[in-house]
Colleague: 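This is the structure I have questions about; it appears just below.
Atoms within each ligand, like the ligands themselves, are counted from 1 in listed order.
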Amino acid sequence: MKAVILVGGQGTRLRPLTCNIPKPMIPLVNQPFIEWMLMRLRDQGINEVILAVQYLADRFRATLGDGSRLEMKLHIVEEPEPRGTAGAVKNVEYLLDGPTFVFNGDVMTDLDLRAMLDFHREKQSKVTISLTPVEDPTQFGLVEMDADQRVKRFLEKPRVEDLNSNLINAGTYIIEPDIFRYVPPNQFYMFERGLFPVLLQTGDPMYGFPSRAYWTDIGKPPTYIDVHHDILIGKVRYNFQGQQIANRVWIEGEAIIHPSAQIVGPVVMGDGTIIEKGARIIGPTVLGPRCQIGPDCNIEGAVLWEDNRLAEGVTLRNSVLGRNNTIGARCFIADGAIIGDDCVLGPENRLERGIRLWPGTQLGEKAVSF
Ligand code: GDD
Ligand code: MG
């Protein structure tokens, strides 16, 4: 079976992490998110995938190639200009030949695809939309169904006064290709504001498939840290790479850890990690490849990408470091702070409460005490 993954969005809400890298390529536990997604599809029997991309396509090609490394067939198709969610699939319609899975490229879920396909067939549905409950549906697509789970209304980004349920479009669809006759060619057109409302008019059968599977949209910064915590504490099914060296402590390759350092899982360390004397690494934490953690650092609930260097006594708590940052002695970084790539922080800066540093920022000694 084939699938299309929509990976065209700019990922603006995740900046500065997405300044240098497309949103689906950002690392999730030291692996590009899209790679995790492809492996999950492959393991559920989908072996041919079309990535509908529209910017930084070369980055996708460089990392994923033709998919043979992941034992699947991969087509990376670039749109001439943004075509919207449905227009992007229309653009690759020539590659489709039967019921096809379509995925938003920024959703982390362990949804059972086979069960969804069985449901789609049993209902003889033309479009089946996976649904998930959320606390605040106003940022999503609200879906209303009848007793038979047939979709009765689809409201993208509903107003508070329109809410009458908490079930939203979870961003996984099964689509019969013949419905693309309703999608105008070579135009910007969306499933959410175009095709789904049209299908409600034409009466083509469209069904909702609610599920309690793990689900989150990784495209929002607090959830980027949360999703790491959820994976590490085991809330979502996940295959860890590397070797487990202690209770929920994994190393992907080689690491040098000073005997006086303290590591409390769940922690994942990339290849080439160095942890110096007296440092404490408390999970859920992910250290990217080649990170160097100086003496007496305190790291807890943090996500570090590769090649970060922390001098002595740095505290890093519930925060994200992009790649290749140099953090001066005794800096204190906490409460959802996000540091882009290639930043250099002098000693004793204090960054807290969701502060974001853009790539290449340089701070002198004690320049920020937020
Ligand atoms: N190729 C391509 N071209 N992909 C696109 C385009 C485009 O023009 N526009 C958006 N995408 C991709 C994005 O990269 C993302 O993976 C997916 O389509 C959804 O776009 P978002 O921008 O992330 O939309 P959203 O999160 O506000 O809302 C969507 O997802 C929610 C679930 O997370 C909608 O589908 C909602 O109905 C849904 O509830
Ligand atoms: Mg999204």
Colleague: Looking only at non-hydrogen atoms, which of V77, L155, D106, T172 approaches atom 21 (P) of ligand 1 most closely?
Modeller: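 Result: the heavy atom closest to atom 21 (P) of ligand 1 is in D106.
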Colleague: Can you tell me which portion of D217 lies within the under-4.0 Å heavy-atom range of ligand 1? Options are side chain, backbone, both, or neither.
Modeller: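 It is the side chain that gets close, since no backbone atom is under 4.0 Å.
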Colleague: Please identify which atoms of ligand 1 are closer than 4.0 Å to at least one heavy atom of W215.
Modeller: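 Near W215, the atoms of ligand 1 are 32 (C), 33 (O).
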Colleague: If the cut-off is 4.0 Å to any non-hydrogen atom of K23, which atoms of ligand 1 fall inside it?
Modeller: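 Every atom of ligand 1 under 4.0 Å from some heavy atom of K23: 23 (O).
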Colleague: Does the T326 side chain pair with the main chain of R309, one donor and one acceptor, at a distance under 3.5 Å?
Modeller: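 Side chain of T326 to backbone of R309, a donor-acceptor pair under 3.5 Å: no, none is there.
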Colleague: Relative to the heavy atoms of G105, which atoms of ligand 1 are at a distance of less than 4.0 Å?
Modeller: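 Those atoms are 16 (O).
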Colleague: Locate the shortest heavy-atom distance separating L304 from N308; write the atom from each residue and the value.
Modeller: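 Reported closest heavy-atom pair: CB-ND2, 4.0 Å.
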Colleague: Salt bridge between D204 and K126, side-chain N to carboxylate O under 4.0 Å?
Modeller: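 Between K126 and D204 there is no salt bridge, as every charged N stays at least 4.0 Å from the carboxylate O atoms.
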Colleague: Relative to ligand 1, is A88 under 4.0 angstrom through side chain, backbone, both or neither, heavy atoms considered?
Modeller: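 Side chain only.
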Colleague: For ligand 1, is any non-hydrogen atom under 4.0 Å from M190's backbone (N, CA, C, O), its side chain (CB onward), both, or neither?
Modeller: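 Neither part.
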Colleague: Looking at R83, which atoms of ligand 1 are within less than 4.0 Å of one of its heavy atoms?
Modeller: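 Going through ligand 1 atom by atom, the ones under 4.0 Å from R83 are 8 (O).
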Colleague: Just heavy atoms, cut-off under 4.0 Å: does Y173 contact ligand 1 by side chain, backbone, both, or neither?
Modeller: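 It is the side chain that gets close, since no backbone atom is under 4.0 Å.
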Colleague: Does an N or O from E156, backbone or side chain, lie closer than 3.5 Å to an N or O of ligand 1?
Modeller: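 Yes: some nitrogen or oxygen of E156 is under 3.5 Å from one in ligand 1.
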Colleague: Is it the case that R350 places NZ or CZ above or below the six-membered ring of F332, under 6.0 angstrom from the centre and within 45 degrees of the axis?
Modeller: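 Satisfied, under 6.0 Å and within 45°.
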Colleague: Specify the closest pair of heavy atoms between V151 and L200, including all atoms of both residues, with the distance to one decimal.
Modeller: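 Heavy atoms of V151 and L200 come nearest at O-CD2, 3.2 Å.
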Colleague: Do any nitrogen or oxygen atoms of G84 come within less than 3.5 Å of a nitrogen or oxygen of ligand 1?
Modeller: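 Right, the criterion is met.
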Colleague: Does CD belonging to E161 count more than 12 external heavy atoms closer than 6.0 Å?
Modeller: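 Buried by this count: over 12 neighbours within 6.0 Å.
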Colleague: Restricting to N/O/S, name the atom of D217 that gets closest to the Mg ion (ligand 2).
Modeller: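 So the atom name we want here is OD2.
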Colleague: In terms of side-chain geometry, is the basic nitrogen of D162 or R159 positioned less than 4.0 Å from the acidic oxygen of its partner?
Modeller: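 Counted as a salt bridge, because a side-chain N and a carboxylate O are separated by less than 4.0 Å.
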Colleague: Only N/O/S atoms count here: what is the atom of D106 closest to the Mg ion (ligand 2) called?
Modeller: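 It is OD2, the N, O or S atom of D106 closest to the Mg ion (ligand 2).
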Colleague: Can you list the atoms of ligand 1 that are under 4.0 Å from a heavy atom of G141?
Modeller: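 Heavy-atom distances to G141 below 4.0 Å select 36 (C), 37 (O), 38 (C), 39 (O).
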Colleague: Record the part of Y189 in heavy-atom contact with ligand 1 below 4.0 Å; permitted values are side chain, backbone, both and neither.
Modeller: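 Within the 4.0 Å criterion, Y189 makes no contact with ligand 1.
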Colleague: Yes or no on side chain to side chain contact (heavy atoms under 4.5 Å, CB included) for F101 and V4, after CA distance, side-chain angles and deciding distance?
Modeller: CA-CA 6 Å; F101 273 100; V4 180; over 6 Å; no
Colleague: Evaluate I168 for polar contact with ligand 1, using N/O atom pairs at a separation under 3.5 Å.
Modeller: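 Between I168 and ligand 1, no N or O pair is found under 3.5 Å apart.
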Colleague: Is D307 salt-bridged to R290, going by a charged N under 4.0 Å from an acidic O?
Modeller: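 The answer is yes: the pair qualifies as a salt bridge.
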Colleague: Side chain, backbone, both or neither: which part of E79 has a heavy atom under 4.0 Å from ligand 1?
Modeller: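 Side chain only.
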